[in-house]
Structure formats: C-alpha cells, structure tokens
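Structure first, commentary second.
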Amino acid sequence: MKPKPVKGMNDILPEVSATWQYLEGVVREIVQSYGYSEIRLPLVEHTELFKRSIGEVTDIVEKEMYTFEDRGGESLTLRPEATAGMVRAGITNGLLYNQRQKLWTAGPMFRRERPQRGRYRQFHQFDIEALGYAGPDVDAEMIIMSSRIWSRLGISRLELEINTLGVPEARARYRDTLVEYFTSVKSELDQDSIRRLDQNPLRILDSKNPDMQGLIEAAPVMLDFLDDESAEHFDTLKALLDAAGVRYTVNPRLVRGLDYYNRTVFEWVTDALGSQGAVCSGGRYDGLVEKLGGKPTPAIGWAMGIERFVDLFEASGGTAPADDADVYVVAVGDGAVNEAFALAEDLRDRIAGVRVEMNLGGGSFKSQMKRADKSNARYAVILGEQEIADNKAGFKPLRSDEQQASVARAELAPMLASKIGKPLTAGQ
RNA sequence: GUGAGCAUAGCUUAAUGGCAAAGCUCCACACUGUGACCGUGGCCGAUGCCGGUUCAAGUCCGGCUGUUCACCCCA
C-alpha cells in the first residue's frame, strides 16, 4: 500500500520549486527595498489568539482551523493566517513599545477547506505588515509596493479594488441599516444570504448569485455612513495612488472575511485563475493590537497567496530563469575520479556562483556524456587517462558548434568564467 | 459543507461487453574515449478499492476512496 499525502497538502516538486524560489526572491528583494525586515514566526499559536483576532463567527474560526489539544492540555491551532501571529510577536517582544515596525514573513498557513485550484489545506503566503503607522501614506505605499511586484514580473491580468470600512462605530451603524434593509426583503433572499443576515451581513453584498444582484444594487452603501476622518483618509489614499499612476476601482462591496479590518481594504483580483481570483489582499486593522493586549497601535498589512501567485505568473507566460548546471564533470577511469573531484571543488572555489555538477555513480564514457547532455549543462569538462597524464582537461561545449578544446588545468577556471559570464572570486 | 465530471504503465493517451495497447521517459546495444538525431532491444500494469449483472467487465450497475471543476469561502 502506497503512502498517501494528506488531502489538500501538496509536494512542491523540483520543476515547480525553481519558479517558487525565483518569485520568492523577487518579492523579498522588492519588499526589502521598501525597508521591511523579515520576522520568522511559529506555525502554531494558542487557539484563543485566532479567535480573538479573526473573529469567533468567521468561517475560518468556525470550521476551517486545525485545532488540537497538546499533551499539556492546551488548545493550539495551526495558523490559518499570519497577521495574528505577527501582532502577537510584536506585543510579546516589545517591538511596539514606542516603536514602529515594518515587517514581512512567509510560510505555510493551514485551513481545512475543500481543495480546488488555488485553494489548498496547506498553502503559502507572503505577509507584509506595517505596525505603528496611521496612514494613509503607508496604505498607499503598501499598494504601490504590490503593484511593483506585478510590473517587475510582467503580470498584467490583475486589477486593484479598494474600499474603506470606516471606523468600527460607522461600520456598526451601517451594519444595522443593512440588516434592516435585507430583513425587509427577506422573502426574496437566497439561502446563503439568509444565513449571512445573522452571521455576517456585509458578506451578502459579495454574493455571486445573479438573482441577488438587483437587491444588492438597491442596498444602502457604506460610503454614506462613513465618518469624516475615514472619508478624508480614503480620499488622500486615492490621491496618492492617482499620483503614483496606480489604477484602481472603488468597490463599495469589498468586505473582508476577517473581523479585524477597518478603513482601508484592498484586493488584487484576476480572472485568469478560475474561481479563486484573489491573489493578494489586505487592509488596515487599527484596533487589533489593543484588542490583543498591546497599547493602541495603528497598523496595516496584506498577504499574497504564493500558489496563486505562481499560477498567475505562469498563466501570464512567465518562466523562471533556468537553474541548470554550467558545467558537468566527466571522469573516466578509476584514477580520474579523485582528480575530477579536486577539479570540481577548484572551480567552485574560483568562480563565484558557478554551478558544477560532478558525474556520480561512474559509468562508461558514453553514459557519462549522456548524463552531461541531459543535465542541460552548457559545457562538459572531461578528465581521462590522457588528460591526467598531460595535466590538462577536455573542455567541450554541449550547446553550440564550438570545437572541443584541450586546456591546461590552471587555465580552466578563467576560461569557464569568461564563457559563462560569472566573475572569478577575489584573492585567487 | 453541497453539486457535477473524471480515475488504464513514472507521464500522455488507446482498446463496438470478447487475448489490455501505443507514444514519451528510463536502461542497454549499434558505436570497446565523445551526448543530441535515427535504428534495435529491454524495464514497467494484476485497468484506484469493494461488491453486483454476464458465458465473458477496463467497458454496464451500486458503494467507497482519490482527484478536478463549480458553489461556498478566501490567499
């Protein structure tokens, strides 16, 4: 009986991980260029943390968390998202005491949903948070930063939607009005909407049911309930985005499934990935730090789903740079292997970033050449009886018509370095 | 959690209810120190699992499991 993986938890195979590494590298570089620093967080937190931050009556907390009792009887949960842990770490390490923090983290998150394209039980996120910044300038910078990621990678099938939820009081007033409105037309609501009426009435606005669209169009809008300060915050954000040339649409029905958001929320959506169109989303959560036991601290953050990001990158025709070897070392004859190892190490010492693949497992000359070919290496270096006797090495281009050459051992590194365009290391 | 589609070799796909096939991959040979292309040969399956109908089931029926898509939710 073959072992089976856990449903919704996937292996990231080498052919795919090259793309992951490339994209993660690009995002890391961009995020750090805005002055954000990495923080590494535990995958497991106390269950209570997520209940208090995400909200007791959200889908995530009610039915999607991997919660278990550890041997000491504590209720622990595999993190379903990163913000709660980030804020907790800020509080417990005193990072927010009269300080501001710009942080990012990345790694696996866990939600027990039914898997489909772009939705897995173990999935991965990049998470960027700015704590202690009241905005709206940070709000704009965060969005501009995400926009830079897309343009850098040639991803175009994405649109930005933004909205504001106002302060909690305004949101509560709006919520009451909304409940009143939908209750008055309850007989026309579908099953899902009736359920949401109690649980999360704002989500009714998000319904994809065509029969509901008329009712939703006619519903009261949040913008009419906005407090003056939030309205001004939102206007400034829009002005900053306009000035930066970032295009967006205001979607008054954009609400979040996590309870901690207020004011700015945004989402990058695509139609290229089937039904899971949200690639990246976030918003402001000014009340969360205090709610979790810190002192009042404004904050904003966003998360990007890496699986969806990779999928979208590939759907946009993007490919990661090849990570094939530069050179494959062929060693024929028992005496040659020792020398070949030394030669391979020498190349790695002397050429910065060179990728040298040593033939392993012996084999005939022919089979070694076959492996060299299949490795996609640009060059083969050949060491046999003859070369060892002459203190030379065969240098054979595998991807061009150039002639094979016999090169003095000492000249091999400089020659290879110039062929592959990588620098010799200093001091050699 | 709900609904629908799909399940044959490592991968992609064949097989009017009648002997389970092919291509690719991999290995070897041809070619005893030179890869790719061509050729020859080899490896690899109890057709996802359990049951039923039938002289006969990969094929039809039922259940299960897995997977995909959609709903839902969201990254």
Side-chain angles (χ1 to χ4, degrees), chain A residues 1-2 4-8 10 13 15 54 58-64 79-83 106-128 146 190-193 195-196 199-200 203-204 206-210 254-258 265 267-270 273-283 301-312 328 330-333 336 359 361 363-388 394-401 403-404 406:
Chain A
M1 197 68 169
K2 283 189 206 167
K4 284 187 294 192
V6 176
K7 188 197 207 44
N10 305 122
L13 301 177
E15 50 199 296
I54 298 168
T58 56
D59 278 8
I60 294 177
V61 170
E62 280 186 325
K63 45 195 186 196
E64 295 175 0
R79 64 180 186 191
E81 58 102 47
T83 303
M109 310 292 159
F110 303 85
R111 292 182 201 173
R112 197 179 182 288
E113 296 185 89
R114 184 129 167 207
Q116 65 186 71
R117 182 178 185 187
R119 189 170 83 182
Y120 310 100
R121 292 185 172 185
Q122 174 175 330
F123 62 102
H124 300 77
Q125 285 186 340
F126 253 101
D127 188 77
I128 295 94
S146 57
D190 63 10
Q191 284 296 313
D192 281 324
S193 298
R195 181 173 53 79
R196 289 176 187 139
Q199 309 234 314
N200 197 343
R203 289 223 70 94
I204 299 177
D206 237 2
S207 174
K208 287 180 200 161
N209 185 345
L254 179 64
V255 294
R256 304 255 40 121
L258 292 77
V265 292
E267 192 163 291
W268 288 95
V269 294
T270 179
L273 302 182
S275 66
Q276 306 301 323
V279 175
C280 155
S281 64
W302 56 279
M304 172 167 70
I306 301 181
E307 283 85 353
R308 292 178 190 181
F309 180 44
V310 169
D311 198 348
L312 181 62
Y328 190 99
V330 168
V332 188
N359 181 73
S364 66
F365 194 92
K366 187 170 191 66
S367 65
Q368 292 196 37
M369 285 305 296
K370 274 192 177 179
R371 290 175 192 154
D373 182 50
K374 210 154 31 182
S375 77
N376 278 327
R378 276 175 69 188
Y379 299 98
V381 164
I382 298 166
L383 273 190
E385 315 267 320
Q386 194 58 53
E387 285 80 4
I388 285 169
F395 184 78
K396 182 181 172 76
L398 297 173
R399 315 288 151 203
S400 71
D401 294 333
Q403 280 294 307
Q404 176 172 344
S406 185

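A, B, ... follow the sequence lines: proteins, then strands. Residue 1 opens every chain.
Remark: A:Arg112 engages no residue in a salt bridge (Lys or Arg N to Asp or Glu O under 4.0 Å) (not counting sequence neighbours). With sequence neighbours left out, A:Pro397 forms a side chain to side chain contact (heavy atoms under 4.5 Å, CB included) with A:Tyr379, A:Ser400, A:Glu402. Applying the side chain to side chain contact (heavy atoms under 4.5 Å, CB included) rule to A:Asp311 yields the partners A:Arg117, A:Leu273; only residues at least two apart in sequence or on another chain are considered. With sequence neighbours excluded, the residues forming a salt bridge (Lys or Arg N to Asp or Glu O under 4.0 Å) with A:Glu113 are A:Arg119, listed by chain and number. In this structure A:Leu398 satisfies the side chain to side chain contact (heavy atoms under 4.5 Å, CB included) test together with A:Met369, A:Ala372, A:Ala380, A:Lys396, sequence neighbours excluded. For the side-chain hydrogen bond (donor to acceptor under 3.5 Å, both in side chains) test, no residue two or more places apart in sequence or in another chain qualifies with A:Ser406. Residues satisfying the side chain to side chain contact (heavy atoms under 4.5 Å, CB included) criterion with A:Ser275, sequence neighbours excluded, are A:Gln116.
A donor-acceptor contact closer than 3.5 angstrom links the side chains of A:Trp268 and A:Ser146.
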Pick out the pairs of N or O atoms, protein on one side and nucleotides 41-50 of chain B on the other, that lie under 3.5 Å.
none

For nucleotides 29-33 of chain B, list the nitrogen or oxygen atoms of the protein found under 3.5 Å from its nitrogen or oxygen atoms, one pair per line.
unit_1 : atom_1 : unit_2   : atom_2 : d
B:rC31 : O2     : A:Lys366 : NZ     : 3.2
B:rG33 : O6     : A:Glu385 : N      : 3.0
B:rG33 : O6     : A:Gln386 : N      : 2.8
B:rG33 : O6     : A:Glu387 : OE1    : 3.3
B:rG33 : N1     : A:Glu387 : OE1    : 2.8
B:rG33 : N1     : A:Glu387 : OE2    : 3.2
B:rG33 : N2     : A:Glu387 : OE2    : 2.8

Pairwise N/O distances under 3.5 Å, protein to nucleotides 8-13 of chain B:
none

All N/O pairs under 3.5 Å across the protein-nucleotides 69-71 of chain B interface:
unit_1 : atom_1 : unit_2   : atom_2 : d
B:rC69 : OP2    : A:Arg117 : N      : 2.5
B:rA70 : OP1    : A:Ser275 : N      : 2.9
B:rA70 : OP2    : A:Gln116 : NE2    : 3.0
B:rA70 : OP2    : A:Ser275 : OG     : 3.1
B:rA70 : N7     : A:Gln116 : OE1    : 3.4
B:rC71 : OP2    : A:Ser275 : OG     : 3.2
B:rC71 : N4     : A:Gln116 : OE1    : 3.4
B:rC71 : N4     : A:Arg119 : NH2    : 3.1

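Looking at A:Met109 and A:Pro80, their side chains never come closer than 4.5 Å, going by heavy atoms from C-beta outward. Annotation: side chain of A:Ile382 is in contact with side chain of A:Gln404 (closest heavy-atom distance under 4.5 Å). Between A:Val279 and A:Glu307, every side-chain heavy-atom pair lies at or beyond the 4.5 Å cut-off. In this structure, A:Phe395 and A:Val381 have side chains that are in contact, with non-hydrogen atoms separated by less than 4.5 Å. With contacts defined as side-chain heavy-atom distances shorter than 4.5 Å, the pair A:Glu81/A:Ile54 qualifies.
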The dot-bracket string of RNA chain B, counting Watson-Crick and G-U wobble pairs with both distances under 3.5 Å, using [ ] for crossing pairs and | for pairs to another strand, is (((((((..((((....[..)))).((((.........)))).....(((((..]....))))))))))))....

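For the pair A:Glu64 CD and B:rC74 P, the computed distance is 7 Å after rounding to whole Å. Here B:rC72 presents its P atom at 12 Å from NZ of A:Lys63, a figure rounded to the nearest Å. For the pair A:Leu254 CG and B:rC73 P, the interatomic distance rounds to 14 Å; values are reported in whole Å. In this entry the distance linking CD of A:Glu267 with C1' of B:rA75 reads 9 Å, nearest Å. A straight line from OH of A:Tyr379 to P of B:rG35 spans 19 Å, rounded to a whole angstrom. Between the CG atom of A:Asp373 and the P atom of B:rU25 there is a distance of 12 Å, rounded to whole Å. The distance between atom CZ of A:Arg121 and atom C1' of B:rA75, rounded to the nearest whole Å, is 16 Å. The CZ-P distance, from A:Phe110 to B:rA75, rounds to 16 Å in whole Å.
Across B:rA30 and B:rC19, the matching C1' atoms stand 34 Å from one another, rounded to whole Å. A distance of about 40 Å separates the P atoms of B:rA21 and B:rG3, rounded to the whole Å. Annotation: B:rG17 and B:rC11 have their C1' atoms spaced 29 Å apart (nearest Å). B:rA46 sits 12 Å from B:rG58 when the C1' atoms are compared, rounded to a whole Å. Taking the P atoms as reference points, B:rC24 lies 13 Å from B:rG41, given to the whole Å. Only the C1' atoms considered, B:rC61 is 22 Å distant from B:rU67, to the nearest whole Å. Nucleotides B:rU13 and B:rC50 have their P atoms positioned 25 Å apart, rounded to a whole Å. A gap of 13 Å separates the C1' atoms of B:rU59 and B:rU53, to the nearest Å.
Atoms CZ and SG, from A:Phe309 and A:Cys280 in turn, are 9.0 Å apart once rounded to the nearest 0.5 Å. Taken to the nearest 0.5 Å, the CD1 atom of A:Ile306 stands 5.5 Å off from the CZ atom of A:Phe126. From A:Met304, atom CE reaches atom CD1 of A:Ile128 across 6.5 Å, with rounding to the nearest 0.5 Å. For the atom pair CD1 (A:Ile60) and CZ (A:Arg111), the distance works out to 4.0 Å, reported to the nearest 0.5 Å.
If you find the closest nucleotide of RNA chain B to A:Lys396 and to A:Lys374, the one lying nearer the 5' end belongs to A:Lys374. Nucleotides of RNA chain B nearest to A:Pro5 and A:His124 differ in position, and the one nearer the 5' end is that of A:Pro5.
Judged by distance alone with a 3.5 Å cut-off, a donor-acceptor contact links the side chain of A:Glu113 to the base of B:rA75.
Heavy atoms only, all atoms of each residue included: A:Arg399 and A:Ala377 are closest at NE-O, 2.8 Å.
One finds a side-chain N or O of A:Lys7 lying less than 4.0 angstrom from the OP1 or OP2 phosphate oxygen of B:rU67.
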